[in-house]
Amino acid sequence: MKFLTKLIFLLLVATTLVSCVEDFEFDGISKREGIVVEGLISNQSYNDLLALPLSTRHFTIKISNVGEVENERNEPVLGAKIELHQDNGVVYDYAEIGNGEYGLFYENFKAEKGRNYHLEITLADGRSITSEMQTLPREMGIGSFSTVEQTKLDYENVLGEVGIAEQEGISFNVTTLTNDSSDPVYYKWDLSITWIFSADLLEDNHPLKFCWATSQNYFKEYQLLKDEDGNIRNELFFLKTRNSRLNHGFSVLVRQMTMSPGYHFFWSEVQKQLDQSELFASPPYNIRSNLSSDDVAVYGYFGVVNEDFKRWYFDKSKINNYGGWVDDHCEFGPRWAAYCFDCREWTYDDDQVTPYAPKWWDLLFFDIRP
């Protein structure tokens with residue numbers, strides 16, 4: 001969800017540039033500037049994730065300004081008051097974290113079946129924003145996983161040159177459960193990976209030889225499905241097996257969300273925007289939001305979802321086309337990087353790196369040799 005604010009800002013800028021080609025005027029700033037609100041609550045509390053065990057998180061709301069190109073506005077909204085209202089009269093307050101983010105720091109709080117929820121936001125200047133009432137959708141567990149070895153055309157980066165070539169790998173699929181209801185189930189899946197990084201110039205028994213790195217952005221795409229009957233096999237990702245991240249241990253955490261038709265439609269429209277050219281995508285203010293205000297244009301969505309999680313480990317012994325892939329830049333590079341001698345020095349995007357195996361990691365999937 002973090003890319004949503006940036007996406008809306010870029011599309012607003014692009015739409016402005018197109019209009020300028022036609023009439024050479026930067027008019028309509030008040031029509032296009034506004035507030036983006038991003039956030040959700042689910043049936044999984046902080047303590048629920050702790051017990052699974054999974055990396056914990058509190059529910060958050062992110063608020064940002066977006067505006068036209070001449071304003072260059074994409075800044076966080078500070079000093080807002082945010083309340084989560086439950087239909088039995090209970091109100092939960094969000095605490096300001098910083099950088100436009102606000103957290104719901106109740107470790108046992110989770111959305112409950114049959115309850116209705118809505119947000120009430122008061123900005124520092126007194127302007128107010130309210131969400132529509134939302135409730136938990138029907139819960140559906142994660143279905144079965146399967147993999148298929150195949151060859152696909154995919155991007156390849158060789159010495160800085162990016163091209164398209166045939167890549168051996170595995171297609172990773174989830175098959176949904178049977179839907180016994182007459183109503184469709186609306187799914188969204190996203191992924192985070194954890195792999196074991198090696199400081200290649202250290203001995204195998206050195207305490208800083210291996211680190212566990214986690215990234216939520218390795219597979220950037222999310223998958224959506226409207227499922228009428230169930231038992232649908234849906235590909236979640238393609239994993240190239242010529243990949244040094246697979247050498248010592250690799251795992252994917254699949255997060256499945258079931259959601260309302262409105263929230264599913266919202267993410268479907270965002271997905272379309274991502275797939276289109278920035279200059280010719282439809283303006284993001286055409287995406288229906290469940291937030292409204294009499295004082296300011298509001299974009300984004302407040303969701304109430306059912307979450308379910310399931311972890312998969314890459315098992316090289318079951319993959320025919322895995323031959324190992326050694327990244328030898330530490331041995332033959334002109335300058336050795338710090339991470340060749342200390343695995344904690346590895347940095348990549350939003351990765352979290354630790355020389356200690358997470359409590360949930362199955363040590364059966366830890367290979368010293370590629």
Side-chain angles (χ1 to χ4, degrees), residues 1-4 7-8 11 36-44 59 110-118 131-148 152 171-192 216 219-239 252-276 281-292 299-312:
M1 295 174 61
K2 293 180 180 178
F3 59 78
L4 178 59
L7 169 68
I8 290 178
L11 290 170
V36 180
V37 178
E38 313 166 55
L40 59 79
I41 60 173
S42 83
N43 62 322
Q44 298 283 355
F59 300 119
K110 57 186 173 184
E112 299 176 7
K113 184 178 179 180
R115 291 287 184 198
N116 292 316
Y117 302 88
H118 76 278
S131 76
E132 296 173 1
M133 202 74 74
Q134 302 292 298
T135 190
L136 269 177
R138 184 162 54 96
E139 185 175 1
M140 294 289 286
I142 297 183
S144 58
F145 292 159
S146 61
T147 58
V148 178
K152 279 190 174 185
S171 170
F172 181 89
N173 311 286
V174 60
T175 300
T176 60
L177 299 179
T178 301
N179 179 13
D180 294 324
S181 169
S182 59
D183 298 322
V185 181
Y186 295 90
Y187 290 104
K188 178 175 181 280
W189 292 277
D190 53 42
L191 312 159
S192 63
Q216 295 181 350
F219 294 114
K220 295 182 184 297
E221 301 84 2
Y222 55 87
Q223 303 294 332
L224 298 168
L225 178 67
K226 177 184 177 182
D227 189 352
E228 300 279 358
D229 302 312
N231 300 308
I232 295 178
R233 192 176 78 171
N234 192 54
E235 181 179 306
L236 296 188
F237 61 86
F238 177 74
L239 179 64
V252 179
L253 179 65
V254 178
R255 177 173 71 154
Q256 175 181 285
M257 289 184 281
T258 55
M259 55 186 55
S260 68
Y263 201 20
H264 191 268
F265 177 78
F266 172 83
W267 282 114
S268 176
E269 291 299 296
V270 170
Q271 194 173 59
K272 289 177 184 177
Q273 302 283 21
L274 291 171
D275 291 340
Q276 294 177 22
S282 56
Y285 44 80
N286 285 341
I287 301 178
R288 185 187 180 280
S289 171
N290 67 344
L291 299 141
S292 62
Y299 313 112
Y301 211 98
F302 168 64
V304 179
V305 304
N306 270 301
E307 284 183 300
D308 203 355
F309 300 86
K310 195 171 182 180
R311 183 170 295 280
W312 172 80

| said: Ring centres under 6.0 Å, that's the criterion: do Phe238 and Phe172 meet it? | reply: no
| Closest non-hydrogen atom pair between Phe302 and Ser131, with its separation | CD2-OG, 3.7 Å
| message | Looking at every non-hydrogen atom in both residues, tell me the closest pair between Leu253 and Arg311 and how far apart they are. | response | CB-NH2, 3.7 Å
| task | Report the residues that fulfil side chain to side chain contact (heavy atoms under 4.5 Å, CB included) with Thr135, sequence neighbours left out, ordered by chain and then residue number. | result | Asn116
| task | Can you see which heavy atom on Ala111 is nearest to which on Val304, and at what distance? | result | CB-CG1, 3.9 Å
| note | Rounded to the nearest 0.5 Å, the CG atom of Leu177 sits from the CE atom of Met140 at a distance of 5.0 Å
| request: Show the numbers, then the answer: is there a side chain to side chain contact (heavy atoms under 4.5 Å, CB included) between Thr147 and Asn173? | output: CA-CA 6 Å; Thr147 58; Asn173 311 286; 5.8 Å; no
| task | Please lay out, stage by stage, how Met259 and Leu40 fare under the test side chain to side chain contact (heavy atoms under 4.5 Å, CB included). | result | CA-CA 11 Å; Met259 55 186 55; Leu40 59 79; over 6 Å; no
| task | Look up atom NE2 in His264 and atom OG1 in Thr258, then write down how far apart they are to the nearest 0.5 Å. | result | 10.5 Å
| query | What heavy-atom pair brings Arg138 and Asp183 nearest, and what distance separates the two atoms? | reply | NH2-O, 3.5 Å
| request: Working to the nearest 0.5 Å, report the span between NZ of Lys310 and CH2 of Trp189. | output: 12.5 Å
| query | Of all heavy-atom pairs between Ser192 and Gln216, which one has the smallest distance, and what is that distance? | reply | CB-CG, 3.9 Å
| field | For Leu291 against Tyr299, the heavy-atom pair lying closest together | value | CD1-O, 4.0 Å
| message | Does Ser260 form a side chain to side chain contact (heavy atoms under 4.5 Å, CB included) with Gln134? I'd like the steps, not just the answer. | response | CA-CA 8 Å; Ser260 68; Gln134 302 292 298; 4.1 Å; yes
| Is the backbone of Asn43 close enough, under 3.5 Å, to the side chain of Glu112 for a donor and an acceptor to pair up by distance? | no
| query | How long is the span from the CE atom in Met133 to the CG atom in Asn290, to the nearest 0.5 Å? | reply | 11.5 Å
| request: Give, for atom OH of Tyr301 and atom CZ of Phe265, the distance between the pair rounded to the nearest 0.5 Å. | output: 10.0 Å
| From Arg255, Lys110, Lys188, residue fulfilling salt bridge (charged side-chain N to carboxylate O under 4.0 Å, His left out) relative to Glu307 | Arg255
Side-chain donor-acceptor pairs under 3.5 Å in residues 224-232, sequence neighbours left out?
from, atom 1, to, atom 2, distance (Å)
Asp227, OD1, Asp229, N, 3.3
Asp227, OD1, Gly230, N, 2.7
Asp227, OD2, Thr176, OG1, 2.7
Asn231, OD1, Thr178, OG1, 3.3
Asn231, ND2, Thr178, OG1, 3.1

| message | So if I apply the side-chain hydrogen bond (donor to acceptor under 3.5 Å, both in side chains) rule between Ser171 and each of Lys152, Glu235, Arg233, which one comes out positive? | response | Glu235
| query | With a 4.5 Å heavy-atom cut-off, do Tyr222 and Val270 have their side chains touching? | reply | yes
| message | Pair Val254, Leu236 - check side chain to side chain contact (heavy atoms under 4.5 Å, CB included), show working. | response | CA-CA 9 Å; Val254 178; Leu236 296 188; 3.8 Å; yes
| query | Would you say the side-chain atoms of Tyr187 pair up with the backbone N or O of Gln223, donor to acceptor, closer than 3.5 Å? | reply | no
| Whether Trp267 and Tyr263 hold their rings parallel, tilted or perpendicular, with breakpoints at 30° and 60° | tilted
| query | With distance as the sole test, does Asp308 use its side chain to make a donor-acceptor pair with the main-chain N or O of Ile142 at under 3.5 Å? | reply | yes
| salt bridge (Lys or Arg N to Asp or Glu O under 4.0 Å) involving Glu221 - partner list, sequence neighbours excluded | none
